[in-house]
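Shown next, in structure tokens, is the structure this report addresses.
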Amino acid sequence: MPGTDETPEPAWPSADHDAAGENEPEGRTHELPMPKASLPEQPTMFVPKVAAPPPPRPQQQPRPQARPQSQQPQPQQPPPPRPQPQQPRQPPPAPGRIEIKPASAHAVPMRIEPTGEQHPAETKTEAEEPQREEPAERPPRRGRRAWWIAGAAVVLVVALGVVAALPYVSNRLGLPWAPNAPKADPPQPVAVSRDLAGPSTSGPAPTPAGVAQAISGAVSNPALGTLTGTVIDPVTGTTLWERNAGQPITPASTTKVLTAAAALLALDHGTQFSTKVVEGSEPGSVVLVAGGDITLSSLPDGQESVYRGAAHLDDLVAQVKEATGGNVSQVQLDLGAFSGPTSAEGWAPEDAPSTYMAPVEPAMLDGGRSVPGDDGSMRTGRPAEQLAGEFASRLGAQVASTPTTTAPQGARVLGEVKSAPLTELVDTALSISDNLLADVIARHVAIAEGAEPSFTGGAQATLDVLSRNGFDVSGVELSDGSGLSLRNKVPAKLLGELLSVAAAPDGKGDPRTAKLRPLLGGLPVAGGSGTLAERYTQGAAAEGKGWVRGKTGTIPSDGINSLAGVVLDTDGRVLVFALMTVGSQTEAGRAGLDAITATLRGCGCG
């Protein structure tokens with residue numbers, strides 16, 4: 001502009017000039033100066049007749065991202081508020097001419113009506129002008145995203161590879177590189193038979209010379225004291241080795257083999273011992289009639305004591321309450337099933353009561369144990385009396401002042417429970433070497449034989465049954481059925497013969513075998529169950545762990561150790577043994593017997 005150093009602005013096309021032509025005088029708008037201010041948004045104009053478009057505006061230096069009809073905004077500097085100056089009064093435009101005023105920093109946008117009148121138009125401030133939203137973050141380029149995906153895939157593959165290489169994972173998934181993966185092709189399927197296969201009877205037969213050579217060192221152990229014994233092949237009945245086998249010596253708990261054998265030969269294997277309750281002679285009184293079941297459980301139904309399958313006192317109480325309507329005031333006991341003393345000759349005074357024996361009475365709870373499930377718990381000295389008190393308490397009654405009586409003949413039965421079958425009782429007596437249960441079983445043998453149900457009657461009935469079934473009982477002396485008595489004398493030969501018949505193959509035609517077979521199931525397993533659970537764990541004896549089954553017998557005070565049972569040798573043949581010692585060391589003597597039988601396990605004694 002004149003009077004300034006700045007580059008003159010290009011002429012602004014005048015509406016007057018465009019409308020009137022070249023000869024017309026310049027309009028007022030032509031004389032207005034052009035301010036250098038940012039232009040506001042082009043106001044909306046309402047023009048009924050639009051003249052020819054003005055010539056193009058001279059091109060200025062190109063600027064990036066230029067907005068039409070506005071000057072590029074200054075970054076990060078919002079424009080100051082624009083003062084609204086008072087508009088000067090303008091003369092009305094000439095007829096037929098539309099006056100357009102150039103925009104200026106101080107101009108107010110005007111709206112032109114068809115009549116030519118001008119009114120201030122609604123304007124939007126920069127604050128109100130809608131801003132173009134810029135994305136918060138520029139979206140990642142496609143190439144970069146692909147790299148990220150590829151990198152994540154590589155990491156995932158590596159991680160899975162590391163996990164799959166771990167032995168535990170590869171073993172569980174059965175991957176080819178797993179440590180426990182098969183090293184060869186899987187074996188061909190083998191036909192399975194549901195029939196249990198017994199020991200071999202066709203393998204190499206053991207010989208006396210082979211057995212003698214195999215155990216020669218083990219039987220010379222000085223810790224064994226005086227050793228007697230026998231080894232028998234039950235398939236042929238041949239005696240393979242023996243030492244003073246016919247000499248009767250104290251057998252300790254191996255006496256139970258004789259008692260169990262007599263019971264299995266004399267009684268039906270399903271025999272159960274009963275406990276009944278009948279009406280008493282007085283109104284409101286009941287009598288518990290003992291039937292020789294010392295396994296009756298004090299535990300609630302569903303809980304097992306030492307005696308598997310035992311009857312429960314709660315069941316008996318429930319039956320009586322239902323039968324009487326709960327009108328019971330007095331309880332008595334009938335203990336007439338057994339007779340004679342409750343302890344045997346040859347017992348030490350401290351043997352009963354103790355952890356392994358109680359007075360032998362025909363009715364009690366849990367074998368007289370203070371803890372029903374603990375075989376080593378202390379037993380009571382008054383087992384029948386304790387039962388009467390507990391029974392009366394659960395009925396809401398009292399024990400009569402005279403607790404024992406004889407039940408009235410033909411009295412109405414109010415309730416009855418029964419023990420486990422005989423085979424189960426024999427199994428328990430042998431496995432945990434339960435002295436009380438063995439002596440009770442001997443009394444039931446006496447009852448079956450018509451003998452007195454006492455220690456004396458039970459011992460005699462046992463020998464009678466064995467003799468009648470073809471076993472040599474010469475020189476045998478019995479004072480009880482448990483082996484607790486030091487007066488018992490039994491030769492190893494008899495123990496061996498009983499077990500040999502029990503272990504004989506099926507089909508030999510001996511009816512005794514089927515009856516005596518349950519003897520074998522009750523024998524403790526070496527290193528696994530019963531009285532052998534803690535033995536056969538170290539030294540030479542460890543070779544017999546799981547392969548030897550035997551009934552133990554020990555009386556430490558007299559150096560007595562005995563072991564009688566069966567073992568499967570490496571040829572798959574069963575060998576029967578019966579070993580008895582006198583004057584042996586308790587622990588060393590036991591280990592010596594274990595070593596002999598473990599040697600038989602490793603014997604290919606053909």
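Hydrogens, waters and symmetry mates are skipped; everything else that's a heavy atom, side chains included, is used.
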Discussion item. I'd like to know whether Leu425 forms a side-chain contact (heavy atoms from CB on, under 4.5 Å) with Phe273, so could you lay out the CA-CA distance, the side-chain angles of the two residues, the decisive distance to 0.1 Å, and finally the verdict.
Written reply: CA-CA 10 Å; Leu425 299 177; Phe273 307 147; 3.5 Å; yes
Is the backbone of [Y] close enough, under 3.5 Å, to the side chain of [X] for a donor and an acceptor to pair up by distance?
X: Ser562; Y: Pro251; result: yes
X: Glu304; Y: Gly309; result: yes
X: Ser454; Y: Gly340; result: no
X: Ser377; Y: Gly373; result: no
X: Asp366; Y: Gly368; result: no
X: Thr513; Y: Val501; result: yes
X: His312; Y: Ser298; result: no
X: Arg379; Y: Pro359; result: no

Do [X] and [Y] touch side chain to side chain, with heavy atoms closer than 4.5 Å?
X: Gln386; Y: Met364; result: no
X: Val287; Y: Leu333; result: no
X: Glu416; Y: Ser274; result: yes
X: Leu516; Y: Leu265; result: yes
X: Leu335; Y: Pro362; result: yes
X: Leu296; Y: Val417; result: yes
X: Glu477; Y: Asn488; result: no
X: Lys256; Y: Asn435; result: yes

Item to complete: Check whether NZ of the Lys or CZ of the Arg Arg601 lies under 6.0 Å from the centre of the six-membered ring of Tyr536 and within 45 degrees of that ring's axis.
Response: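 Cation-pi check for Arg601 and Tyr536: fails.
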Nearest-0.5 Å distance, [atom1] of residue [X] to [atom2] of residue [Y]:
X: Lys493; Y: Gln247; atom1: NZ; atom2: CD; result: 13.5 Å
X: Asp594; Y: Glu543; atom1: CG; atom2: CD; result: 13.0 Å
X: Ser479; Y: Leu484; atom1: OG; atom2: CG; result: 10.0 Å
X: Leu422; Y: Thr271; atom1: CG; atom2: OG1; result: 5.5 Å
X: Thr586; Y: Asp558; atom1: OG1; atom2: CG; result: 10.0 Å
X: Glu587; Y: Thr554; atom1: CD; atom2: OG1; result: 8.5 Å

For the residue pair [X] and [Y], what are the closest heavy atoms and their distance?
X: Ile232; Y: Ser500; value: CG2-OG, 3.6 Å
X: Arg512; Y: Phe471; value: NH1-CZ, 3.5 Å
X: Leu267; Y: Ala448; value: CD2-CB, 3.3 Å
X: Gly496; Y: Val576; value: O-CG1, 3.7 Å
X: Met378; Y: Pro353; value: CE-O, 3.6 Å
X: Leu316; Y: Gly415; value: CD1-C, 3.6 Å

Worksheet item: Of Val235, Val566, Leu499, Asp569, which is the lone residue that meets side chain to side chain contact (heavy atoms under 4.5 Å, CB included) with Val574?
Response: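 Only one of Val235, Val566, Leu499, Asp569 forms a side chain to side chain contact (heavy atoms under 4.5 Å, CB included) with Val574, namely Val566.
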Answer with yes or no whether the side chains of [Y] and [X] bring together a donor and an acceptor at under 3.5 Å.
X: Lys551; Y: Ser433; answer: yes
X: Asp480; Y: Trp347; answer: yes
X: Lys545; Y: Thr537; answer: no
X: Thr552; Y: Thr531; answer: yes
X: Ser584; Y: Asn561; answer: yes
X: Tyr356; Y: Asp351; answer: yes
X: Asp233; Y: Thr238; answer: no
X: Ser482; Y: Asp439; answer: yes

Worksheet entry | Neighbour count >12 (heavy atoms, 6.0 Å) for atom CD, Glu534 |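 Check fails, neighbour count at 12 or below.
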Is [X] salt-bridged to [Y], cutoff N-O under 4.0 Å?
X: Arg517; Y: Asp506; answer: yes
X: Arg308; Y: Asp427; answer: yes
X: Asp314; Y: Arg394; answer: yes

Discussion item. Apply side-chain hydrogen bond (donor to acceptor under 3.5 Å, both in side chains) to residues Tyr307 and Arg369 and explain how you reach the verdict.
Written reply: CA-CA 11 Å; Tyr307 304 110; Arg369 290 178 177 84; 2.8 Å; yes
Fill in: Test applied, side chain to side chain donor-acceptor pair (under 3.5 Å); reference residue, Gln460; option that passes from Asp464, Thr456, Thr462
Asp464
